[in-house]
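Each remark here refers to the structure printed beneath this line.
Letters A, B, ... are given to chains in the order of the sequence lines, protein chains preceding strands, and every chain is numbered from 1.
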Amino acid sequence: MDYNFREIEKKWQQYWRENKTFKARNVSEKPKYYVLDMFPYPSGAGLHVGHPLGYIASDIFARFKRLKGFNVMHPMGFDAYGLPAEQYAIQTGTHPAVTTEKNIARYREQLDQIGFSFDWSREVVTSDPFYYKWTQWTFIRLFEHWYDKTSDKARPVSELIGAFEKHGNDNLDAVCGEVSPFTAAEWKSMTEKERQQVLMHYRLAYLADTWVNWCPALGTVLANDEVKDGFSERGGHPVERKLMKQWSLRITAYAQRLLDRLDRIEWSESLKEVQRNWIGRSEGAAVFFRLAVSSQQSAVSRDELKTQNSELKTQNSELKTQNSELKTLIEVFTTRPDTLFGATFMVLAPEHELVMQIAAPERRPRVSEYVEWAKNRSERDRMAEVKRITGEFTGAYAVNPLNGQEIPIWVADYVLAGYGTGAIMAVPGHDSRDFAFARFFDLPIVQVVMKPGEEISDTHQWSESYDAKEGIMVNSGFMNGMQVKDAITAAIRKIEEMKAGFGTVNYRLRDAIFSRQRYWGEPFPIYYKDGMPYPLDDSQLPLELPGVDKYLPTETGEPPLARAKNWTTKEGYPLETNTMPGFAGSSGYYLRYMDPWNKDAYFSKEANEYWQDIDLYVGGDEHGTGHLIYARFWNMFLYDIGLVCCEEPFRKLINQGKIQGRSNFVYRINGTNTFVSFNLKDQYDTTALHVDIEIVDNDILDTEAFRKWRPDYENAGFILEDGRYVCGWEIEKMSKSKHNVQSPDDLIAKYGADTLRMYEMFLGPVELSKPWDTKGIEGVFRFLKKYWRLFYDENGNFNVSTVTPFRSELKILHNAIRKIGSDIERFSFNTAVSAFMICINELTDLKCNKREILEPLNILLSPFAPHITEEIWQQLGHSGTISYVSFPEFNEEFVREDTFNYPVSFNGKMRFQMELPVGVTAAEAEAAVLAASESQKWLAGNPPKKVVFVPKKIINVVI
RNA sequence: GCGGAUGUGGCGUAAUUGGUAGCCGCGCCAGACUUAGGAUCUGGUGCCGAAAGGCGUGGGGGUUCGAGUCCCUUCAUCCGCACCA
């Protein structure tokens, strides 16, 4: 019998399905092992060969762990909410659920063909109400909690109310929005609505006016990680900035923990670095600059200032007193408080709330014009014109708290509203952006840091700022002569003494905007009463997505859900019309897999305590600033409220690389329908055109097929070289338009799933991106056929002997056991495949068909090629699946050697080899080498200066 | 600009972690079997050289008996962040 992969693979896939072979139980004596793949969004295009790469790696690992005696859970599901299905719905009117269901079926079919050991009984689909009930449930919990910095965890809002009733909001260290201080009495005198407004500043899921990334083409707001270079990641549409009332998640409360816990998890250094940068911690100081008296007089009115002033956020309780006095303070954040003496002006972001109020009356029109212009500039324009310096003087002055100097306050869009306080003290001498601004508007530049060993110089002569983080302070009063590092500490101490500021930490991380003005997402379990949002009762979950007549915003610009009939509670209160973003459902799906059938809870405590966390998570690194940070936050919150037992969900994470396409090109001579072969193309004026890789073999074009490929090529002419048309090639992204897509279905039809699995692993390390080389797959196919022939003779009869193996055969087997076992543990699947090839080549050379060798080998291979090994396992006389047998034990005994073939080198160059006993002494080895006839040529009669002998490594003769 | 990663045959890669550079596969070359070969099998294949031998891990320098591996420096490519104070 030949290796009939089609029949074998169908047979075993059916067997696994019927016998629920990979169903994991939540109770077991075995140790648990949870292997997870990032679940896919089921797109209409189906899978290409790049998608399963990570799934194959994790599947091999899952199967390996089963053989090693673990109770393995390896679930799969679908991230079903996504823009493509919705865009399609807008165009065609087809409900996104219909499209999604169809795509899921297609994905499922493709995945099944590859022979994954997924436990489909645990399948989670994010758009299924049975699942998203728990996404909504978690949202309500977020709404009902606030972040207490004292205990450094989330606590119920009910406790917060208790605290307010006792002490107002004093003595409370919470992560919150801008809240004025109030007493217990004041709290008690507030109306229900006022209380809700106050609480909203504390909730972990909160509604607030926020500057958002608004994408008009998609008609929705996007999260920061969904915007790339001013365009939407999905679809590539322009994105604008807009102030809108939005739900947000207070992920910033967790910034420090998200940063610190990175040290505890096994992720690649590069991915951790991406997260560190995204969180963007910087240490520095908050400094309060008083408005100069003259400026206060020019400002609108003292009353207005007072209001403004009392809303200023202070994080230091001592400062609160000062702040509520009648003085306008502008808070800036700086990482370099040491350079305070060099602050020669201040800059506010155009969106800064004080800009218009402090502007001098005569400057107000120009300031207002500038602010309008800057606010309406698109993200894209801002980015494209980073070098362009713009700004406007407000006419107001601020007082430097350290030296009493009055400095002009400017407004400029190089200061971002979203970072720090949206206001900076400009130190042009030591910050390149401030320097450029100062030069452009002719503002003074003062040197306050000096390079060690240099003199103070005239800043007028400077061509750039001195941005160094090291140096000696000058022109800085009490800090003169200090090192920068010490001066920072001294400056902070000083401003704290003066109550003009305090040391603090800032994060680049922003709260996650959680509303989308779209249809295809989880509805918020929220209704409005008196204009304030309230959560639905848990008993009313899930709040199911209603039907709508059109998947578009209403005529008045409300989100699509506003079209739904009776979109209210039973009592008639209106329900929220926004939906949740894509990352909502994927932030906690891995928890649901632990207990997906649970009707009464997200998951049971027992299930969570059994599975704990994910031992191995495999997915792409493009989720570094999105899913992987939201999910960590989500999990940390659930940890705080005692729902999950592990603070970090993904203990070990592997980023699989991408598989790039290998495109082929033909070269059309311009203005003709003639195509010239690759090596002759330089003689002509040509245009390179993508050609379908299906009609190219080994870079040789099938010219007949090419003529048939497209009507316009029917009469194409060719200029050949050596009678063939050679195509050019390039490595590019795999995409339909480049005609370089390899579908796994075609390859499985031609070579089988086992070959595809092994070839994808053979390409190179999983983490690396690499081009797909269609030709190479045949090497792996040959390998499996060769493997088959170890068990079957020339006549196709199963022929395995019970003869006792030779030592040489045992050595081959046990070397493979050791090598492959350790390779899998290290996720080095490419070297494992190559070790299999070596092993099979050697056994074929020995014509070994002995059961004692082949049976363990078959188990060894089963994680990689599950179908062929199941079949052979059965042929070997076993019943049932190979999936739960034991991984072969390595026995040192069989690989022990008596001699070692020493490379002998002269001055580090290997010249010949010499076989010596393993226990040889240095003196014996030296004598043997020097006596060898080959040595005479290299010694040329001279005695060696030295002989280095490293046991079982090398002998080096120095001459 | 900042951060991260990667540079080894024509191509994908390997190298027990400082010890024989190029394993395994593709491609290529030669041969066998065949009516045929885009099937199968066998052998060869880093570069230069007739050979002896020399040269070789992006470039330059260093440490070492010995460097793809460690150190310094430089270049290139890819990815992430980017007016982040």
Closest to the A:Leu416 side chain: B:G19, B:A82, B:A85? B:A85
Treating A:Ser465 as the side-chain partner and A:Ser432 as the backbone partner, does any N or O pair qualify as donor plus acceptor under 3.5 Å? yes
Kindly say whether A:Asp467 contributes a backbone atom to a donor-acceptor pair with the side chain of A:His430 at under 3.5 angstrom? no
Which listed nucleotide (B:A14, B:U20, B:A85) is nearest to the side chain of A:Ile954? B:U20
On the six-membered ring of A:Trp267, is A:Arg632 placed so that its NZ or CZ lies under 6.0 angstrom from the centre and within 45° of the ring axis? yes
Go ahead and name the base partner of B:G3; Watson-Crick or wobble counts if both distances stay under 3.5 Å, otherwise write none. B:C79
Here the distance between atom C1' of B:C11 and atom CH2 of A:Trp772, to the nearest Å, is 15 Å
A side-chain contact here means heavy atoms from C-beta on lying under 4.5 Å apart; do A:Tyr3 and A:Asp754 qualify? yes
Just wondering, are more than 12 heavy atoms of other shown residues or ligands nearer than 6.0 Å to NZ in A:Lys811? no
Nearest-Å distance, CH2 (A:Trp278) to C1' (B:C79)? 15 Å
Can you tell me the base-pairing partner of B:C70? Count Watson-Crick or G-U wobble geometry only, both distances below 3.5 Å, and say none if there is no partner. B:G62
Picking from A:Thr421, A:Thr504, A:Ile492, A:Thr334, what satisfies side chain to side chain contact (heavy atoms under 4.5 Å, CB included) with A:Val287? A:Thr334
B:C81 P sits how many Å from A:Ile629 CD1, rounded? 12 Å
How many whole angstroms separate atom CD of A:Glu269 from atom P of B:G4? 9 Å
A correct 5'-to-3' footprint of nucleotides 64-69 of chain B, with B, S and - meaning base, sugar-phosphate only and no protein heavy atom under 4.0 Å, is -BS---
Residue A:Lys469 excluded, over 12 heavy atoms near NZ under 6.0 Å: no
Under a 3.5 Å cut-off for both contacts, is B:A21 paired Watson-Crick or G-U wobble with anything, and if yes, with which nucleotide? none
Once you apply a heavy-atom cut-off of 4.0 Å, does A:Val427 come out as touching a base, just sugar-phosphate, or nothing? nothing
Tell me the interatomic distance from A:Phe437, atom CZ, to B:C83, atom C1', rounded to whole angstroms. 12 Å
Between A:Asn901 and B:U20, is there a side-chain N or O to OP1/OP2 distance below 4.0 Å? no
Between C1' on B:A15 and CG on A:Asn830, what's the gap in Å once rounded to a whole number? 12 Å
Can you identify which nucleotide, out of B:C41, B:G19, B:A14, has its nearest atom closest to the A:Arg789 side chain? B:C41
Side chains of A:Leu784 and A:Phe5, heavy atoms from C-beta outward: is any pair under 4.5 Å? no
Return the polar atom pairs (N/O with N/O) between nucleotides 53-56 of chain B and the protein under 3.5 Å, or none.
from  : atom 1 : to       : atom 2 : distance (Å)
B:G53 : OP1    : A:Lys937 : NZ     : 2.1
B:G54 : OP1    : A:Arg911 : NH2    : 3.4
B:G54 : OP2    : A:Arg911 : NH1    : 3.0

Test item: A:Thr844 and A:Leu790 side chains (from C-beta on) under 4.5 Å apart, heavy atoms: yes
I'd like to know if the side chain of A:Lys786 pairs up with that of A:Asn841 as donor and acceptor (distance under 3.5 Å, no hydrogens or angles considered). yes
A:Glu273 has a side chain; which of B:G19, B:G3, B:C83 sits nearest to it? B:G3
Judged by whether its glycosidic angle lies within 90° of 0, B:U17 is syn
Atom CD1 of A:Ile955 to atom P of B:G18: distance rounded to whole Å? 21 Å
Where do A:Val957 and A:Val929 come nearest, in terms of heavy atoms and distance? CG2-CG1, 3.9 Å
Counting heavy atoms from C-beta on, name the nucleotide in B:U20, B:A85, B:U40 closest to the side chain of A:Lys785. B:U40
Using distance alone, with no hydrogens and no angle criterion, decide if A:Tyr414 and A:Asp434 have a side-chain donor and acceptor under 3.5 Å apart. yes
Residue matched to B:A14 through Watson-Crick or wobble contacts both under 3.5 angstrom: none
Is there a Watson-Crick or G-U wobble partner for B:G27 with both distances under 3.5 Å, and which nucleotide is it? B:U45
Any side-chain heavy-atom pair of A:Asn277 and A:Thr625 under 4.5 Å: no
Please determine, for B:G37, whether a Watson-Crick or G-U wobble partner exists with both distances under 3.5 Å, and give it or none. none
B:A85 pairs with which nucleotide, Watson-Crick or G-U wobble, both distances below 3.5 Å? none
Atom pair distance, as rounded to whole Å: NE2 in A:His430 and P in B:C83: 23 Å
Distance check: side-chain N/O of A:Ser282 vs OP1/OP2 of B:A85, anything under 4.0 Å? yes
Complementary nucleotide for B:A51 - Watson-Crick or wobble, under 3.5 Å: none
Heavy atoms from other residues, nucleotides or ligands near CD of A:Glu464 exceed 12 (cutoff 6.0 Å): no
Could you check B:G9 for me: syn (within 90° of 0) or anti? syn
Expected string for nucleotides 24-34 of chain B under the B/S/- scheme (protein heavy atoms, under 4.0 Å, primed atoms plus P, OP1, OP2 as sugar-phosphate) is BSSSS------
